[in-house]
Engineer: 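Got a structure for you, questions after.
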Amino acid sequence: MRVLRVSAVAVSAMAFSLAAGSTVRADDKTPASITVTFGTGNNNATPGNTPNHHILPQEFKVRITRARKLDGTVVVVPASVNFIVSGFHWVWVYKDGVSLEEVATHIPMGAPPLFLNYEGPTPVVVSNVFAKGVFQGTQPPFADAGLAVPPQSGAQNRTDSFAFSHPGDYLVICNVTGHFIDGMYAWIHVVDEGDD
Ligand SMILES: [Cu+2]
């Protein structure tokens, strides 16, 4: 019985080493994916809503990794950022090299428009936006807003996932101008495996 138990341990240890050898392993200093809070508008609606207008964490790092397909081919796996979007927001991620100052200085004078929609100095030839999240519609009516005051809708709440295949420093903002003015922006630092 004792011999059997030792054998079982040996077999499971061997199975573990086989499993470990079947994937491309990286150290765990920087995650390959991260979950980011993009607004918290479900339970903190207040006049002005400033407490809702934040991205958490405001600065973070994710890594590009490698993995093996079933046939053994090694492939690049993009770094992944999963925004949990709660309430009326719109994720816009700018390309590497676009600064916070550049975007902030293009907020129009006077009453801020509902959406900033800044894609580079006009005339825009090539957009400086890397990727946009799902357009949530135009405030205020949502199909199932119901009778809640203020109106709330499950349709506003979603996950927007983005993949990054190239290292860089990416600015992400909420494209709702008033939210951006309230500080709704963050920095995504994408590193390649072994670069951090
Ligand atoms: Cu927002």
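We count ligands from 1, going down the list as the structure has it; atoms in each ligand are counted the same way. These figures come from a predicted structure and were not determined experimentally.
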Engineer: At a threshold of 2.8 Å, where the distance has to be below it, does the Cu ion (ligand 1) have an N, O or S atom of His53 nearby?
Structural biologist: no
Engineer: Would you check, one step at a time, whether the test side chain to side chain contact (heavy atoms under 4.5 Å, CB included) holds for Trp92 with Leu171?
Structural biologist: CA-CA 8 Å; Trp92 278 38; Leu171 172 68; over 6 Å; no
Engineer: Before moving on, can you tell me the angle at the Cu ion (ligand 1) between the SG atom of Cys174 and the ND1 atom of His89, to the nearest 10 degrees?
Structural biologist: 130°
Engineer: With ring centroids as reference points, do Tyr118 and Phe180 lie under 6.0 angstrom apart?
Structural biologist: no
Engineer: Closest N/O/S atom of His179 to the Cu ion (ligand 1), by atom name?
Structural biologist: ND1
Engineer: Who clusters with Val36? Use side-chain heavy atoms, under 4.5 angstrom, across I, L, V, M, F, W and Y, and order the result by chain and number.
Structural biologist: Ile34, Phe38, Ile55, Phe60, Val62, Ile64, Val76, Val81, Phe83, Val85, Val91, Val93, Phe130, Phe162, Phe164, Tyr170, Val172, Met184, Ile188, Val190
Engineer: Less than 4.0 angstrom from a charged side-chain N to a carboxylate O is my criterion; do Asp169 and Lys95 meet it?
Structural biologist: no
